[in-house]
Structure formats: C-alpha cells, structure tokens
Amino acid sequence: CALYLLFYRMIVFQCRYARDRFWGGNLLTWLGKGTVVPLGCEEFPVVGEDVPTGIRELGLEAVARDRSLFKIVYLALIRPGKMHVWLVEAAAPFLRRHPEARLILCGKEFSQEVAAQLRGEVGKLGLGGQVIIPGQVPRNEVPWLLQHMNCAVVPSRAETFGHNFLEPMFAGLPVVGTRVGVGRDIIREGETGRFIDLGDKAGVADALEGMIADPAKTARMGANAKALVEKAYLHAHVAQQLTALYERLLGE
C-alpha cells in the first residue's frame with residue numbers, strides 16, 4: 001500500500017468488490033488515491049431470427065428455440081473457482097422436480113480435471129438430459145443465445161469484475177448469483193435477481209423455484225436488470241466517468 005501511495009496518483013478498481021478485496025483498497029480510496037470505475041458492457045447488436053453458425057454447431061439451436069423449456073445459462077470458463085460441480089449438485093433437486101428445465105453451462109474447458117469432474121457428477125446424478133455442456137459459444141453469438149434464455153446463474157467463488165453477471169442482465173435476464181464482483185452491486189434482491197451463498201445449496205433450488213413459478217415476476221426482474229445496466233454500465237457511460245477522472249487528475 002505504501003508503494004502505491006508513493007508512486008501512483010490514482011488506482012482505479014473495477015468494482016467495489018475488487019476495491020474491498022485489494023489490500024489497502026479502502027484506505028487508498030479514503031486518501032483520495034483510489035476510485036471505482038466499472039469495466040462496463042458493450043452494446044449488443046440487434047438479434048435476428050437466423051441461427052448463428054456456432055450455436056448450430058454446438059447443438060444449441062433446438063433447446064434455445066424451445067419455448068416450452070425453462071432455460072438457465074451460466075457463462076464461464078470451466079475451471080476451479082467457477083463452482084460448476086457445486087452448482088449441478090445444488091440445482092439437482094430443482095431439475096428433478098422440473099423436467100422442462102435445462103441448465104446450460106457454456107464455457108471453454110479450461111481445466112480438464114474440473115471438466116471431467118463436472119461430467120462425472122452430471123452422470124452420477126442422472127441429469128444428462130437436463131444439464132447441457134456444449135463448450136464455448138463464439139463471442140459474437142452470445143447475445144443471440146442470451147435472448148433465448150430465461151435466467152442466468154453465477155455461482156463463482158470470486159470475480160475481479162464479472163461480465164457473466166453484466167451481459168445476461170443487459171440481455172434482460174435476472175441473475176441468481178453470489179455476492180462477488182460486480183454482482184454485489186447489480187443484483188438487487190427480488191428486483192434484478194437473487195443472491196445465493198456457496199454454503200447454501202438449498203438456496204439455489206429455492207431461487208430457481210421462484211423464477212420458474214412466477215414467469216411474470218421473472219420477466220420484470222429481467223427488465224429491471226436491463227434498465228440498470230443501460231443506465232450505469234454501458235461503455236459510453238464508463239467512458240464519461242474515465243474522461244471526467246482524467247480531466248480532474250490532469251487539472252491537479
């Protein structure tokens with residue numbers, strides 16, 4: 001912390017969570033040498049009806065288009081800390097009660113060990129028909145996928161920022177997630193999503209039950225989430241914050 005005080009004029013943290021987890025982050029902020037400016041979210045293009053090539057190749061077209069299904073998406077690398085195996089265990093009771101539900105875990109298999117554990121757990125629990133592990137969705141096709149989901153889930157142990165919270169919300173999805181990264185700021189309980197704790201598997205099933213039981217409320221939470229991101233987290237808004245910060249620092 002002393003080195004930052006000596007050699008840096010301003011430390012910019014990506015979210016309040018990152019500031020609080022950084023040793024001395026709150027002290028730096030109190031001393032006027034730290035501030036929070038989010039990374040922000042790019043504006044998604046208008047999504048058409050044509051199915052993107054990558055979505056089709058990953059075998060996601062049918063499930064995405066099926067309106068009779070309740071689709072839960074998690075966008076994250078399959079690696080330690082993202083808690084994929086824990087999520088499947090926690091969601092299992094909910095999935096068994098709702099055969100129309102699908103948990104779609106989209107992400108590159110960054111850790112082969114975790115990926116093997118995940119597939120083994122899905123098989124052991126008999127959820128192969130409901131838990132879909134398609135691989136990594138091409139970046140430019142993520143908006144199309146999100147537009148066909150019902151809600152998102154983010155059970156991460158930690159996030160430096162967390163676009164996996166922000167992007168589903170911008171697509172109009174409520175998020176069930178842990179109090180990490182930007183999720184701590186943009187999940188507003190019962191308004192834009194639901195909080196879960198990693199020590200509470202029953203809480204995951206309860207949150208998802210609420211989503212599937214009340215589609216109108218789920219849609220309202222998704223609309224609230226989109227409005228929140230549009231108001232405070234799009235790149236244009238973030239650029240304004242950064243410009244104002246630079247102008248102030250240069251003026252000093």
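Just so you know, these numbers use all the heavy atoms, side chains as well, and skip hydrogens, waters and symmetry mates. From a predicted model like this one, the values you see are computed outputs, not experimental measurements.
- No donor-acceptor pair under 3.5 Å is formed between the side chain of Lys71 and the backbone N or O of Ile104.
- Under 4.0 Å is where a charged nitrogen must lie from a carboxylate oxygen, and between Arg65 and Glu49 at least one such pair does.
- The two residues Gly172 and Lys226 come nearest to each other via the heavy atoms CA-CB, 4.0 Å.
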Next on the checklist: One pair to check against side chain to side chain contact (heavy atoms under 4.5 Å, CB included): Phe22 and Leu28. What are the steps and the verdict?
Outcome noted: CA-CA 10 Å; Phe22 185 86; Leu28 290 168; 4.0 Å; yes
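- Checked by atom type and distance alone, the side chain of Asn224 never pairs as donor or acceptor with a backbone atom of Thr192 at under 3.5 Å.
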Next on the checklist: side chain to side chain contact (heavy atoms under 4.5 Å, CB included) for Phe165 and Asp185? Distances and angles first, verdict last.
Outcome noted: CA-CA 10 Å; Phe165 289 100; Asp185 299 321; over 6 Å; no
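- Screening residues 50-74 for ring pair (Phe, Tyr, Trp, His ring centres under 6.0 Å), with sequence neighbours left out, gives Tyr74-His84.
- Here the side chain of Asp214 pairs a donor or acceptor atom with the backbone of Lys217 at under 3.5 angstrom.
- Hydrophobic clustering, defined by side-chain heavy atoms of Ile, Leu, Val, Met, Phe, Trp and Tyr closer than 4.5 Å, groups Met10 together with Val12, Val37, Val238, Leu242, Leu245, Tyr246, Leu249.
- For Arg179, the CZ atom counts as densely surrounded, since its 6.0 Å shell holds more than 12 non-hydrogen atoms of other residues, nucleotides or ligands.
- Side chains of Phe170 and Leu146 form no contact here, defined as non-hydrogen atoms less than 4.5 Å apart.
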Checklist entry - What do the steps show when you test Met169 against Tyr233 for side chain to side chain contact (heavy atoms under 4.5 Å, CB included), and what is the final call? => result CA-CA 11 Å; Met169 284 192 169; Tyr233 288 93; over 6 Å; no
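- Between Phe161 and His163, the gap from one ring centroid to the other is short of 6.0 Å.
- Judged by distance alone, the side chain of Ser111 and the main-chain N or O of Arg79 form no donor-acceptor pair under 3.5 Å.
- The two residues Ala92 and Leu125 make their nearest non-hydrogen contact at CB-CD1, 4.1 Å.
- Here the shortest heavy-atom pairing between Val131 and Val122 reads CG1-CG2, 3.8 Å.
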Checklist entry - Arg157 and Val180: side chain to side chain contact (heavy atoms under 4.5 Å, CB included), yes or no, with the steps? => result CA-CA 7 Å; Arg157 186 179 298 280; Val180 301; over 6 Å; no
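- Using a distance-only test at 3.5 Å, with no hydrogens or angles considered, no donor-acceptor pair links the side chain of Arg194 to the main chain of Gly177.
- In this structure, Arg184 forms no cation-pi arrangement with Tyr17, as its terminal cationic atom is not both closer than 6.0 Å to the ring centre and no more than 45° off the ring axis.
- The backbone N or O of Gly199 sits nowhere less than 3.5 Å from a side-chain atom of Asp197 that would complete a donor-acceptor pair.
- In this structure, Leu208 and Cys151 have side chains that are in contact, with non-hydrogen atoms separated by less than 4.5 Å.
- Inter-residue side-chain proximity for Phe13 and Thr29 is flagged as met; some heavy-atom pair is nearer than 4.5 Å.
- Between Val204 and Leu87, some side-chain heavy-atom pair lies under the 4.5 Å cut-off.
- The hydrophobic cluster containing Ile132 does not contain Leu77, counting ILVMFWY residues as joined when their side-chain heavy atoms lie under 4.5 angstrom apart, directly or transitively.
- For Leu173 against Ala225, the heavy-atom pair with the smallest separation is O-CB, 3.8 Å.
- Side-chain atoms of His98 and Glu209 include a donor-acceptor pair closer than 3.5 Å.
- Side chain of Glu109 to backbone of Ile78: no donor-acceptor contact under 3.5 angstrom is found.
- Side-chain contact check for Pro174 versus Met211: some heavy-atom pair is nearer than 4.5 Å.
- Annotation: cation-pi pair Lys33/Tyr8 absent, no NZ/CZ under 6.0 Å from the ring centroid and within 45° of its normal.
- Under the 4.5 Å side-chain heavy-atom criterion for ILVMFWY residues, a single connected hydrophobic cluster contains both Leu234 and Val175.
- Counting only distance, with no hydrogens or angles, the side chain of Trp86 and the backbone of Pro155 share no donor-acceptor pair below 3.5 Å.
- In terms of modelled atom types and a separation under 3.5 Å, the side chain of Glu159 and the main chain of Ser156 share no donor-acceptor contact.
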